[in-house]
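Step one of this worksheet: look at the structure below.
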There are 2 protein chains.
Amino acid sequence: MNNLSTRLLDAFLALVETRHFGLAAQRCHITPSALSQMISRLESQLQVRLFDRDTRNVSLTPEGETFAQGVARITHELQSTLKMVHDRQHKKTGRVRLAAPPSLAADWLPQRMARFRQQYPGVTLCLSDVVSDRCLEMLRQGQADIGINAQPGNPLEFDSCQLFREPMYVLCRTDHPLAQRKRVHVRELRHQPFIHTTRDGSVWQHAQPLVLEAGVVDTGLEVTQLATLSGLVAHGFGISLVPQFALALCNRSDVIAIPLADRKVARPMYLVRLRQQSLSVAAQAFYDLLREG
Amino acid sequence: MNNLSTRLLDAFLALVETRHFGLAAQRCHITPSALSQMISRLESQLQVRLFDRDTRNVSLTPEGETFAQGVARITHELQSTLKMVHDRQHKKTGRVRLAAPPSLAADWLPQRMARFRQQYPGVTLCLSDVVSDRCLEMLRQGQADIGINAQPGNPLEFDSCQLFREPMYVLCRTDHPLAQRKRVHVRELRHQPFIHTTRDGSVWQHAQPLVLEAGVVDTGLEVTQLATLSGLVAHGFGISLVPQFALALCNRSDVIAIPLADRKVARPMYLVRLRQQSLSVAAQAFYDLLREG
DNA sequence: GTCAATTACGTTCTCCGTAAGGATG
DNA sequence: CATCCTTACGGAGAACGTAATTGAC
């Protein structure tokens with residue numbers, strides 16, 4: 001029985017403002033007869049007389065006055081909500097939270113973020129540069145919408161597609177025997193002192209079996225920052241492996257990066273999202289940009 | 001086109017909470033089919049997909065999430081407004097503003113206010129004790145809902161009905177020649193020094209022509225408070241006229257009040273309200289109490 | 001195969017418009 | 001008597017229920 005519609009409330013407000021059935025009906029694009037019936041329905045549903053009216057005069061009752069104040073608040077909230085939803089739908093507002101490895105967060109991803117921002121300046125872009133394990137965790141806990149990760153995660157839980165395969169490079173001093181080479185094979189790293197990156201990062205997880213198999217010497221060094229890594233290399237503590245997009249972060253005049261010839265050593269990079277939860281309109285647009293653009 | 005109803009919003013909220021069409025439909029007392037259609041209508045009106053759903057799972061989209069928050073606020077405002085109107089209708093809340101002369105504000109009116117308050121304790125009763133001119137002015141400016149006044153005001157503007165006629169009394173010292181009399185006629189006040197009440201009060205306006213005609217002596221004294229009046233009388237500055245309900249306010253052992261025999265000198269008292277503006281439910285109830293009870 | 005959401009379709013009911021009615025200045 | 005709100009009545013369309021369909025596990 002108790003059912004109010006926005007049409008009813010709008011008609012009520014129109015009559016409140018005009019105090020005239022004819023004008024109010026005109027504003028609502030209905031006939032005065034229909035408006036009269038609507039007001040009657042409203043009054044019978046509320047069980048309150050809202051207007052004192054005869055053929056000459058229309059005025060609010062005190063109860064109608066209080067109702068009008070409430071309706072004003074309600075329609076304000078309603079319009080605000082509709083606008084919010086509409087704006088999100090048209091990417092005039094919104095938020096996209098990204099989780100990506102430091103190597104891509106440095107340049108590759110910001111480049112695409114800038115393109116997206118230009119098209120949808122109202123959408124907030126949040127970027128977390130995270131190591132591999134943390135990336136999937138942020139997605140799982142709803143702290144990120146889109147992840148970029150070397151591991152695709154559990155297919156039941158995550159929807160992943162490969163973006164590209166990132167070639168790996170050997171990082172060594174410019175005076176290192178390998179420094180003059182155009183390409184290097186993994187097996188040539190045998191007996192080389194090796195500096196690891198942190199073990200929860202994808203480089204470690206991906207390269208560890210390969211370099212161990214190749215017979216590198218463990219220096220016991222394990223660092224997080226690529227700048228630290230290149231610094232250790234520069235001062236002769238050993239060599240290391242870095243992915244292509246991380247090269248810019250360890251660029252020093254006294255170290256050099258040699259591409260690894262082994263194709264299979266290239267690190268895959270996946271675009272990852274939760275399978276159960278759909279993306280917001282803005283996040284979906286950014287997802288499409290990464291996947292296709 | 002854009003038309004939302006509370007049924008639609010309630011159905012939406014039910015589905016948000018249950019995440020299950022069957023249960024939500026049960027809560028709304030409709031079939032799952034109807035609920036499905038309602039959600040579809042809602043989504044097409046907003047042009048936003050609100051739920052991700054298949055036969056196994058129902059979950060909000062991010063846009064549905066924001067809409068749900070808005071709807072929660074809207075329904076809260078709506079319920080609050082409906083309750084407010086309902087409470088006013090049933091006199092669980094409300095306000096009645098009264099304007100009455102000091103004589104009636106002292107006892108006669110509070111007595112009825114107490115009776116009303118007992119029945120409708122939630123209704124706030126505001127009382128202004130005002131002189132005659134101010135009473136109609138407060139009604140006119142919407143500062144009072146109900147007036148009690150010796151003047152009915154302009155019949156086009158005010159709706160007035162007489163409550164009673166209040167007998168007038170001569171106030172004099174106990175050692176005054178008239179003090180022993182059971183009744184006094186106006187004409188017997190000839191040559192008596194007379195103390196006036198303030199000229200914007202009804203006593204002055206009502207009694208002035210009569211006492212002047214009778215030939216009283218003007219003392220030049222004109223007071224507002226009845227306690228001042230009785231004090232002046234007690235100290236021999238003259239006599240005065242007071243209405244019956246004001247007697248309690250000038251009760252002193254050294255003054256005495258003698259009823260005026262002239263019936264036409266009795267002061268009429270009107271229940272007054274604005275004609276154009278209807279009373280609130282609470283005010284109407286109090287009006288009826290005064291008029292009939 | 002079973003369970004749940006959706007679609008198809010028929011019925012009911014709401015809601016609006018036209019036209020007549022009634023009240024007020 | 002003119003104006004404006006209201007009532008009466010009929011038709012168009014919305015909304016719900018029943019039943020068949022689709023889809024996921």
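Residue numbers begin at 1 in each chain, while the letters A, B, ... track the order of the sequences.
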Spacing of A/Gln26 atom CD and A/Phe21 atom CZ [to the nearest 0.5 Å]: 15.0 Å
Atom pair distance, as rounded to whole Å: [atom1] in [X] and [atom2] in [N]:
| X | N | atom1 | atom2 | result |
| --- | --- | --- | --- | --- |
| A/Asp10 | C/dC16 | CG | P | 12 Å |
| B/Phe21 | C/dT7 | CZ | P | 10 Å |
| A/Gln37 | C/dA19 | CD | P | 15 Å |
| B/Asp52 | D/dG23 | CG | P | 17 Å |
| B/Leu50 | C/dT6 | CG | P | 12 Å |
| B/Arg7 | D/dA14 | CZ | C1' | 12 Å |
| B/Arg275 | C/dG25 | CZ | P | 11 Å |
| A/Asn57 | D/dT6 | CG | P | 12 Å |

For the side-chain contact (heavy atoms from CB on, under 4.5 Å) test, which of A/Ile148, A/Val130, A/Val131, A/Leu109 pairs with A/Pro101? A/Ile148
Taking the nucleotide of DNA chain D with the nearest heavy atom to each, does B/Ser33 or A/Asp54 sit closer to the 5' end? A/Asp54
Options [options], nucleotide nearest the side-chain atoms of [X]:
| X | options | answer |
| --- | --- | --- |
| B/Thr31 | C/dC16, D/dG17, C/dA5 | D/dG17 |
| A/Thr55 | C/dG22, C/dT6, C/dA4 | C/dG22 |
| A/Ser36 | C/dT24, D/dC16, D/dT6 | D/dT6 |

Might you confirm whether atom CD of A/Gln277 has over 12 heavy atoms from other residues, nucleotides or ligands at distances under 6.0 Å? yes
Residue A/Arg275 excluded, over 12 heavy atoms near CZ under 6.0 Å: yes
Confirm from the modelled atom types if B/Arg56 and C/dC3 form a donor-acceptor pair under 3.5 Å, side chain to base only. yes
Taking the ring centre of each residue, are A/Phe51 and A/Phe67 less than 6.0 Å apart? no
If you compare every side-chain N and O of B/Arg41 against the phosphate oxygens of D/dC16 (OP1, OP2), does one of them come in below 4.0 Å? yes
Taking any heavy-atom pair under 4.0 Å as a contact, classify B/Arg53: base, sugar-phosphate, or nothing. sugar-phosphate
